[in-house]
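This report concerns only the one structure given below.
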Amino acid sequence: MNENKKHMGLKAKERLSNTVIYAILIVMSIVWLIPFVFLVFESFRVESTYQVGYVIPKQFGFDNYINLFTKTDFPIWFKNTLVIGLFVSVIQTVIVLCMSYTLSRLRFKGRKGLMNIMLVLGFFPGFLSLVILYKVLSWLNLTSANSVPGLILVYVASSGMGYYVSKGFFDTISRSLDEAARVDGATRFQVFTKVIMPLSKPIVIYTILTAFMGPWGDFMLAKYVSHATSAGMNVAVGLQTMISTPASLAANYTMFCAGGVVVAIPITILFMCLQKYYVEGVTGGAVKG
Amino acid sequence: MKKLVSLLLAVLMLCTMAACSKGGEGGGTPTAGGTYDITVWVSEVAGIAELTKQQIDRFNEENEDLTFNATIEGISEADAATLMITDVESGADLYCFAQDQTARLVQAGALNVLGQAASEAVKARDDAGSVMAATFGDSLYAYPMTSDNGFFMYYDKSVISEDMIDDLATLVKACEDNNKFFSMNYSSAWYNSAWFFGTGCVSQWITDDTGAFTGVVDTYNSPEGMTALKGMQILAKSNAKNDSGSGEDFSKGSAVVVSGTWDVNTVQSILGDNMGVADLPSFTVDGNTYHMGSFSGGKLMGVKPQTDPEKAAALQRLALYLTDETCQLERFNSNGWGPSNVAAKASDDVQSNPVLAALGAQNNYATVQGQVNDGWWAKAGDLGHLAAQAESDEELQAGLALYEEQVKGLIGATGYVFVGAWNGWDNADLEGFGMEQDGNVLTITLDVPESDYMGGRIVPVTSWDTNLGCQQVTEGADLIVEYDEASNGDNNIIFLAPGNYTVTCDVSTSEIKIVKN
């Protein structure tokens, strides 16, 4: 009887703890999801364009989305960001992977020193160099309307320093594979492309994803470089100009929310398709640092 | 930092490419025949960019010798100076900005001085306040576009009746009784000036010809300032307070919102026929009633200095055109922007506009917004929080004293100097002939030594203002030489005899009293 009771107690305990955990998780997910739900609701509200004291629209419609694409430069901003994202993701992935492979497999003079220098440089917040970066780009005539190539140049130029995660991943691949291939007569480059790459799918996809996402969220540098020229803005800067004064905030707020939703779409799709690899990439690199 | 280093490396690699792309563009290339490619920055408010495009096209048609190919960008006029100063060279050729940015723009060399004829045209056709806003030292630096940047009161007629709108306490009470809010952004220096200016406080910054701030006259820390804070507490201590100034507050339970012309469409769409507009109310402290003041100002259009004088002249013509009566009226009709042009102001449409009428009524109590040191806004804005939180007069007093210290900290020296023959006309001589300040009242006791010319006047430190002199003397006029424009153009106080004098001056009323000791 006594023992029986104890068994029941254990089960009840488990159920209780599960209930508590789920309750906490549900509350947390609600808190986390509320802003997104708000954003989506706001983007479909058509009875007014300013901020209001309620959430669920009185009238649903696609007006904000239609206006966004017909009455503003949003298509240009979206195209700019997409172009930047695509270029950066390709070039940056190549550079990062080459860099990581080199630092993981080759031993050369100054390797440690180089890694330390990059580590220290990484400690400085990026905006410290904002003014000088702007000046350099403006000498190259890569600001205002030409800011798309300018921004690609800046993003790509610094990408070599983001090698940590993928170097960690390469370090976990046994060196004996390399050696076997070398013995068979493969060059370093062949080892990289034929041996390491096929084993590194998760990390390649992780690198592409992070490189593609970066430009969508960049505001400070992009704002500076575009210098009030609509043709050179990315989505973040463009959307901000829509709500930069009280009057424009009141006139464009719901359209701004629609813009937020549209921006989230490509990134969400990419994530859904590549989620499996993304998690592997993040955790894979963490095994050996 | 890492971006910079790596970018520099990348630049080295790409320099051949870069050289090509630079050679291709090469600045704002004027071609023959008076055709110019220009960039124009206007307000991002819906419709303004399109309207400006039409106006420039019309200018091109009307002036056959000139053609402008304009790229028009919408910006926030409050950020125009920040954007221009970032990079004057690649900034717009023609741009619109809020008047309080003139100092920064002049300092950055981002504004071309108007020529003689253009200056005279502007002075003749625009109202005095807007001309003053565009003037720096002796020169005009910009073209007035609007004269409507001020605040007044929107109210919900279904809650507030017309007999309540003249008294702040009544309004606040009505909001409390109906569970509504009174929205006014009292923790913003721009809005809370309403109380300080209402009681007669002064806050003015002094700049030299290059746009640098050289002094400040600020009397917030005074008995009048205390009264203002107590007046602010009528709102700030009420449950109906809402420290915000946005038209959309009407949809969130406000019955009164203090805001400006830019909110008219929002308020109209929320309240419909219940929208009421009026000048700000009065408030009563210790039995005395004060009408709330405000800042008034406007928007200006500026021309960037050009390397090609012909282009500069052409841009000047365009700027004059875009700010003339017709163009201002078009902006009034499309967006309700209140004109600065005197003739446009007098037109029937503008006169019968209720919102501009409310602004006009409030403007009788307004102070024209001159150049303001950027650091001031936050300091004076904090006084709103002070009013909301302080429990006693001592706390208010301490807060004002701290404010005064902070404001003086923004600039090297402040105050007034009784400059004249007795100190070798040294207008920075605060130690020797600085006037003691108590609220709005300045006092000095000085020995006037015997000399050929025993004259001088009261000026803010390092300035040469001529508006506190002989003509402002209300008591003791028998001790000085009578004013004569020909021989005393600088309005100096010229003593008839040497001796020891006490001079007091009230800066709020500009009255000077002289007593011989």
Side-chain angles (χ1 to χ4, degrees), chain A residues 47-54 71 73 117-118 120-146 149 153-162 221 224 227-231 241-253, chain B residues 1-11 13-15 17-19 21-26 39 41 43-46 49 71-80 83-84 86-87 89-92 95 245-253 259-267 269-270 335:
Chain A
E47 77 267 15
S48 52
T49 59
Y50 39 85
Q51 290 172 291
V52 287
Y54 52 88
K71 292 192 182 158
D73 283 342
I117 288 174
M118 288 195 276
V120 171
L121 282 181
F123 287 143
F124 292 95
F127 60 80
L128 283 182
S129 55
L130 209 60
V131 175
I132 310 283
L133 270 177
Y134 177 83
K135 277 283 159 216
V136 173
L137 287 177
S138 113
W139 290 329
L140 297 173
N141 199 17
L142 290 178
T143 55
S144 302
N146 298 332
L153 181 62
V154 176
Y155 296 145
V156 165
S158 63
S159 58
M161 283 187 247
L221 179 71
Y224 242 82
H227 205 217
T229 310
S230 194
T241 59
M242 284 173 27
I243 54 159
S244 54
T245 57
S248 54
L249 177 65
N252 299 329
Y253 176 67
Chain B
M1 185 56 88
K2 68 176 178 185
K3 278 186 179 163
L4 173 66
V5 171
S6 42
L7 177 73
L8 286 173
L9 291 173
V11 164
M13 292 191 289
L14 291 172
C15 59
M17 250 174 72
S21 78
K22 190 160 191 177
E25 292 280 334
T39 312
W41 287 350
S43 164
E44 87 292 23
V45 170
T71 311
I72 299 171
E73 300 284 354
I75 57 153
S76 154
E77 282 155 325
D79 290 342
L83 278 170
M84 277 309 286
T86 303
D87 189 354
E89 224 170 292
S90 84
Y95 58 98
S246 160
E248 64 209 28
D249 291 331
F250 278 115
S251 73
K252 299 174 193 162
S259 182
T261 49
W262 54 90
D263 259 340
V264 62
N265 293 333
T266 309
V267 178
S269 70
I270 300 173
N335 290 65

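In what follows, chains carry the letters A, B, and so on, assigned in the order in which the sequence lines appear, proteins first and then strands, with residues in each chain numbered from 1. As the structure is a prediction and not an experimental result, all values here were calculated from the model.
- No part of Lys71(A) comes within reach of chain B, as not one of its non-hydrogen atoms sits under 4.5 angstrom from that chain.
- Taking Glu77(B) as the reference, Lys299(B) meet the salt bridge (charged side-chain N to carboxylate O under 4.0 Å, His left out) condition, with sequence neighbours excluded.
- Of the inter-residue distances, the one linking Glu89(B) atom CD with Ser138(A) atom OG reads 7.0 Å to the nearest 0.5 angstrom.
- Side-chain contact between Trp262(B) and Ser248(A): absent, with no pair of heavy atoms (C-beta onward) separated by less than 4.5 Å.
- Looking only at atom types and distance, the side chain of His227(A) has a donor-acceptor partner in the side chain of Ser90(B) under 3.5 Å away.
- A heavy-atom distance below 4.5 Å is found between the side chains of Tyr50(A) and Ile270(B).
- Heavy atoms closer than 4.5 Å to chain A are found in both the backbone and the side chain of Leu83(B).
- Note on Ala231(A), Ser144(A), Ser230(A): by heavy-atom pairs under 4.5 Å with chain B, the leading option is Ser230(A).
- Between Val52(A) and Lys252(B), the closest side-chain pair of non-hydrogen atoms is not below 4.5 Å.
- Remark: Ser76(B) pairs with Ser244(A), Thr245(A), Glu44(B), Ala78(B), Asp79(B) by the side-chain contact (heavy atoms from CB on, under 4.5 Å) rule, at least two apart or across chains.
- Thr86(B) OG1 to Tyr134(A) OH: the interatomic distance, rounded to the nearest 0.5 Å, is 7.0 Å.
- For a residue to count as touching a neighbouring chain, one of its non-hydrogen atoms must lie under 4.5 Å from one of that chain's; by this rule Tyr253(A) does not touch chain B.
- With chain B as partner, the option from Pro149(A), Ala251(A), Ser48(A), Ala228(A) having the largest number of non-hydrogen pairs under 4.5 angstrom is Ala228(A).
- Summarising the geometry, atom CG belonging to Asp87(B) is positioned 6.5 Å from atom OG1 belonging to Thr143(A); distances are rounded to the nearest 0.5 Å.
- The CG atom of Leu249(A) sits 7.0 Å away from the OG atom of Ser246(B) when rounded to the nearest 0.5 Å.
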